[in-house]
Engineer: 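Pasting a structure here, questions to come.
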Amino acid sequence: MAYETIIVENEDDVALIRLNRPEALNALNSTLITELADALSEADNNDKVRCIVITGSEKAFAAGADIKEMAEKSFVDVYNEDLFGAQVQVIERIRKPIIAAVSGYALGGGCELAMICDFIIAAENAKFGQPEVNLGVVAGIGGTQRLTRIIGKSKAMDMHLTGRFMDAAEAERSGLVSRIVPTAKLIPEAMAAARKIAEKSQITVRTIKEAVNRSYETTLSEGIRFERRAFHSLFGTEDQKEGMAAFLEKREPQFRDR
Ligand code: HXC
């Protein structure tokens, strides 16, 4: 499918989605967020895709929501259209794993989009920030909630209140990103991580995503109860038999997603 603001390439089992508005540092406008939600839904429904990578350009993952598009809107406009609300709900509900491969700026909605993904691999030149305060607004697609849960109150307040940027090293120290790679190797490293995930049993992968995400939504005891049920349920799969047999027979498992 041809999109205007993103480029989708399916390589083996992995869908690589590039945000592509270079003239605006990949700022998220309504077209881009709608196309991204569509492409992600399509990847989620495509049996050939087993993992998804979202990336931007070397200079910017995304420099936030498109300020030109938003500037003149009134409260009634953004309230009635629920700016980005429907598309973000689609993105949050994707069941396949999504890796954010971040090079350059991930600011405002760009940082929030990266945090909606399942984990973030950062290039050495990555810069994260929630500079909405400088525009007289607040994060709007989860930034005050997700950043706080990920890096804690003090750092989240610092980022949101001052609008300062965090470099890749601080982001890794803070737990915002899972790893840092050389900028030129970002895509190969993210694709290698995605291919590794694609080799696993998709039932197991899906269950892991569901269980880890549950930790954001519920109490510790309920989350652990959910995990135990999930653990037990996987003993009903052929892939559990195969995975454990392969270990005991000292061979690679052949998962069949059953
Ligand atoms: C629209 C943007 C943009 C944005 C950059 N551009 N960010 N356009 N919306 N968020 C455009 C610039 O206007 C410029 O176009 C071109 O991209 C290059 O940007 P420069 O500013 O010239 O580049 P540079 O000097 O290198 O500075 C890079 C930057 C800066 C530090 C990233 O562009 C910047 O501060 N951008 C805004 C970041 C921000 O405030 N994001 C939060 C948005 S609010 P022209 O045509 O002028 O050359 C948000 C809320 C989310 O995200 C809530 C969702 C519901």
Side-chain angles (χ1 to χ4, degrees), residues 4-7 17-40 54-94 98 100-117 120 122-151 155-171 176-177 183 186:
E4 201 183 307
T5 59
I6 60 173
I7 298 168
I17 302 179
R18 293 177 193 269
L19 311 183
N20 186 39
R21 294 189 68 218
E23 72 286 359
L25 300 183
N26 296 330
L28 313 172
N29 63 7
S30 353
T31 307
L32 189 150
I33 199 83
T34 303
E35 290 188 344
L36 180 61
D38 282 358
L40 285 168
I54 302 180
T55 195
S57 65
E58 185 173 327
K59 180 156 185 200
F61 177 74
D66 191 309
I67 300 167
K68 281 183 202 139
E69 192 180 71
M70 287 186 296
E72 296 303 322
K73 287 185 193 279
S74 67
F75 161 73
V76 173
D77 293 334
V78 293
Y79 182 68
N80 281 347
E81 80 181 74
D82 190 22
L83 191 70
F84 294 1
Q87 297 94 328
V88 166
Q89 275 190 6
V90 169
I91 298 170
E92 287 169 340
R93 287 185 191 151
I94 299 298
I98 310 176
V102 172
S103 179
Y105 296 111
L107 304 178
C111 185
E112 297 174 278
L113 171 63
M115 290 189 289
I116 293 171
C117 297
I120 303 174
E124 278 164 342
N125 72 342
K127 286 192 180 59
F128 299 87
Q130 298 287 166
E132 289 92 341
V133 66
N134 299 325
L135 303 168
V137 290
V138 60
I141 51 172
T144 59
Q145 308 304 300
R146 289 198 176 89
L147 192 65
T148 308
R149 285 166 196 229
I150 296 168
I151 70 176
K155 265 190 187 287
M157 281 286 193
D158 181 357
M159 300 294 291
H160 282 287
L161 291 174
T162 68
R164 77 177 175 86
F165 299 166
M166 192 185 255
D167 66 16
E170 186 180 2
L176 178 58
V177 311
T183 303
L186 177 65

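Atom set for the values below is all heavy atoms of this structure, side chains included, hydrogens, waters and symmetry mates excluded. Count residues from 1 along the sequence. Just so you know, ligand 1 is whichever comes first in the structure, and atom 1 is the first atom listed for that ligand.
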Engineer: Look at the side chain of Q130 and the backbone N and O of C111, then say whether any donor-acceptor pair between them is shorter than 3.5 Å.
Structural biologist: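 Judged by distance alone, no pair lies under 3.5 Å.
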Engineer: Can you find an N/O atom of I67 closer than 3.5 Å to an N/O atom of ligand 1?
Structural biologist: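 Looking only at distances, the answer is yes, because the N/O contact criterion of under 3.5 Å is met.
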Engineer: Tell me whether R21 is salt-bridged to E35, with the criterion being a basic N under 4.0 Å from an acidic carboxylate O.
Structural biologist: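 Looking at E35 together with R21, the answer is no, because their closest N to O distance does not fall below 4.0 Å.
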Engineer: Where the side chain of E112 meets the backbone of G142, is there a donor-acceptor pair that is under 3.5 Å apart?
Structural biologist: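 Confirmed, E112 side chain pairs with G142 backbone.
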Engineer: So is A139 in contact with ligand 1, going by heavy-atom distances below 4.0 Å?
Structural biologist: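 Outside the 4.0 Å threshold, so no.
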Engineer: Are the side chain of S103 and the backbone of A123 linked by a donor-acceptor contact shorter than 3.5 Å?
Structural biologist: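 Not at all, since once roles are kept as given, no pair shorter than 3.5 Å links the two residues.
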Engineer: Does N26 reach the main-chain N or O of A60 with its side chain, forming a donor-acceptor pair under 3.5 Å?
Structural biologist: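 Between the backbone of A60 and the side chain of N26 there is a qualifying donor-acceptor contact (under 3.5 Å).
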Engineer: If only side-chain N and O atoms count, and only distance matters, is there a donor-acceptor pair under 3.5 Å linking T183 with E58?
Structural biologist: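 On atom types as modelled, these side chains do not qualify, holding no pair under 3.5 Å.
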Engineer: Considering distance alone, does some N or O of Y105 sit under 3.5 Å from an N or O of ligand 1?
Structural biologist: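 There is no such contact.
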Engineer: Can a donor-acceptor pair be found, under 3.5 Å and without considering hydrogens, that links the side chain of D77 to the backbone of S74?
Structural biologist: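 Checking the backbone N and O of S74 against the side chain of D77, a donor-acceptor pair under 3.5 Å is found.
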Engineer: With a 4.5 Å heavy-atom cut-off, do K127 and M166 have their side chains touching?
Structural biologist: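 The answer is no; the side chains never approach within 4.5 Å.
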Engineer: Could you check which of V133, N134, L107, D66 puts a non-hydrogen atom nearest to atom 32 (C) of ligand 1?
Structural biologist: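 Going through V133, N134, L107, D66 one by one, L107 has the nearest heavy atom to atom 32 (C) of ligand 1.
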Engineer: Which is it for L135 and ligand 1 at heavy atoms under 4.0 Å: side chain, backbone, both or neither?
Structural biologist: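 It is the side chain that gets close, since no backbone atom is under 4.0 Å.
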Engineer: With heavy-atom distances below 4.0 Å as the criterion, list the atoms of ligand 1 near E23.
Structural biologist: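 Close to E23: 15 (O), 16 (C), 17 (O).
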Engineer: Which of the numbered atoms in ligand 1 are below 4.0 angstrom from a heavy atom of G140?
Structural biologist: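 This gives 53 (C) as the contact atoms.
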Engineer: Are any of the N/O atoms in V138 less than 3.5 Å from those in ligand 1?
Structural biologist: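 No, there is no polar N/O contact under 3.5 Å.
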Engineer: Which one of Q87, K68, M70 has a non-hydrogen atom at the shortest distance from atom 45 (P) of ligand 1?
Structural biologist: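 Of the listed residues, K68 has the closest heavy atom.
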Engineer: If you measure from each heavy atom of Q130 to ligand 1, is any distance below 4.0 Å?
Structural biologist: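 No, Q130 has no heavy atoms under 4.0 Å from ligand 1.
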Engineer: Does any N or O of ligand 1 fall below 3.5 Å from an N or O anywhere on A65, backbone included?
Structural biologist: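 In this structure, A65 places an N or O atom under 3.5 Å from an N or O of ligand 1.
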Engineer: For the residue pair F128 and L147, establish whether any side-chain heavy-atom pair is separated by less than 4.5 Å.
Structural biologist: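 Side-chain contact under 4.5 Å: no.
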Engineer: Quick one: does E69 get a heavy atom under 4.0 Å from ligand 1?
Structural biologist: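 No, E69 has no heavy atom closer than 4.0 Å to ligand 1.
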Engineer: Pull out every atom of ligand 1 sitting under 4.0 Å from any heavy atom of P131, numbered as shown with elements.
Structural biologist: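 This gives 39 (C), 40 (O), 41 (N) as the contact atoms.
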Engineer: Run the numbers for me: atoms of ligand 1, each under 4.0 Å from some heavy atom of E112, listed by number.
Structural biologist: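 Counting atoms of ligand 1 from 1, those under 4.0 Å from E112 are 51 (C).
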Engineer: Flag atom 10 (N) of ligand 1 as yes if some protein heavy-atom distance to it falls below 4.0 Å, otherwise no.
Structural biologist: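 It does: a protein heavy atom is found less than 4.0 Å away from atom 10 (N) of ligand 1.
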Engineer: Please tell me if atom 41 (N) of ligand 1 is touched by the protein, where touching means a protein heavy-atom distance below 4.0 Å.
Structural biologist: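 Yes, because at least one protein heavy atom sits under 4.0 Å from atom 41 (N) of ligand 1.
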Engineer: Of all the atoms in ligand 1, which lie at a distance below 4.0 Å from a heavy atom belonging to G109?
Structural biologist: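 In order of numbering, the contacting atoms are 49 (C), 51 (C), 52 (O).
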Engineer: Test your reading of the model: is there a side-chain donor-acceptor pair from H160 to the backbone of A139, 3.5 Å cut-off?
Structural biologist: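 Not confirmed, H160 side chain does not pair with A139 backbone.
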